[in-house]
Amino acid sequence: MTAISEKQRQALMTELQGLKRFCVSLTGNHADAEDLLQLTVERILDKGMPSDAHVAKWSFRVCRNIWLDELRSREVRYRYAQGEIAVNSETPTSSAPSERMLELERVEKLMHALPEEQRLALVLVAVEGRSYAEVADILDIPIGTVMSRVARARRALVEKSS
Amino acid sequence: MTNIHKLDIQGHKTDQLISQWIDGELSSDEHSEFASRLAMEPALAARVEQFKYTDGLLCELLSADKITLNPAIALRLTTPEPSLPKAPSNKHGRQIVAIAATVMLACGLTFQWATSNQSGAYPIGVDVAQALEVLPSRAEGWDTLADGSNIRTVLTFPSAQGAWCREFMLAQEADHWRGVACRHDGSWVTQVMARDLFIEQDSGYRQASAQDVDSVTRFIDQQAADVALSAKQEQTIIASGWMSAASSD
């Protein structure tokens, strides 16, 4: 397992947009998502994948694992950053965000508060437009579980945002 | 089981049904049945709209922006593992940013560019390869590729290794390149690419200045076994599918 096949390479390029959105849904911001995407693609190119691997499934897993590693390594820095934010929050903002922006921010917060398994299922279905069968394949779970997670996620977003 | 628990289960089942409706996961019969319910149950219809609205916010939140890959990674991703002569053997040698441009343009992906010019042998993008295969050289004017980029084949010459080579210019929005590709075993392989700068006019692009094209000129000087083909010679070799041996005779 030292390289990816030509077919896998092509599939990975096709998956890039979805992988990017997946990165955004994991990290919650575009800058981190950019970095995560780089690391994910680089890791896949470096380490390769089994010849029979499902490219999307493999890529999403690699991506998630890298992010979890990153979160662990950020723990100390995060605590430091929290202190910084507390200080910076005393600075008044010059303009009020629009209602739409507030709504998006609210949904973003709620989305990141969802259990990871619900969030990933929802993003893959509602944003990526993947079928339940595809998501089941990607996440290696039964279709019924996908259905349940998607419904629970939507319910949580709607009920907590109202 | 408490009544509240029963209601919760029922609510979850309804939410699943709504999700399946939104996601197009209902069978034909289920779809019809649900459509009838929607017409008769305003609360259900309102719930559907709430779900859809939240989906819309999610999509907006995660709406696709440009993919910006580190050029070295982009090159590795967009370029098949080379089994061709002259391929750089070390890791740094693979960071051939300029050459990646050709491949990436063909992929329709948007990447962040670096500014270095490099040389080495790599397979070229499909659209560019097809253009090199059939287009005659021209002193002015451009041909538009499927991905919207513009190409001008500049000249054709035989290399010292007995391959046919073509100099070409490639422009896509602000990214302008000049390069040479040679034909090996039926495939066009980039030998050198360099950033160039053309100014767009109503009639197309014209070259504004040669910024970093010395490497291209140097390559041609060093590798060309003869002068460039005449238009007639080039037409003949293109018509033959590049089957004639490239020699200086």
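When reading the values below, keep in mind they use all heavy atoms of this one structure, side chains included, and skip hydrogens, waters and symmetry mates. Lettering follows sequence order; numbering is per chain, from 1.
Your options are A/Val41, A/Leu104, A/Val107, and the one with the most heavy-atom pairs under 4.5 Å with chain B is A/Leu104.
When heavy atoms are compared at a cutoff of 4.5 Å, A/Met147 approaches chain B by way of both its backbone and its side chain. Only the side chain of A/Leu122 comes within less than 4.5 Å of a heavy atom in chain B; its backbone stays farther off.
Distance alone, capped at 3.5 Å, places no donor-acceptor pair between the A/Glu103 side chain and the B/Leu57 backbone.
Of all non-hydrogen atoms in B/Cys59 and A/Ala126, the two that sit nearest each other are SG-O, 3.5 Å. Nearest approach of A/Ser131 to B/Glu25, heavy atoms of both residues: CA-OE2, 3.4 Å. The heavy-atom pair separating B/Gly11 from A/Arg155 by the smallest distance is C-NH1, 4.0 Å.
To the nearest 0.5 angstrom, A/Arg149 atom CZ is 12.5 Å from B/Gln16 atom CD. The CZ atom of A/Arg130 lies 13.5 Å from the CG atom of B/Asp23; values are rounded to the nearest 0.5 Å.
Screening B/Ile18, B/Asp15, B/Ile22 for a side-chain contact (heavy atoms from CB on, under 4.5 Å) with A/Arg154, the sole residue that qualifies is B/Ile22.
When the heavy atoms of residues 28-38 of chain B are compared with those of chain A, none of the residues falls under 4.5 Å.
Contact annotation: the side chain of A/Val158 approaches that of B/Arg47 to within less than 4.5 Å [non-hydrogen atoms, C-beta and beyond].
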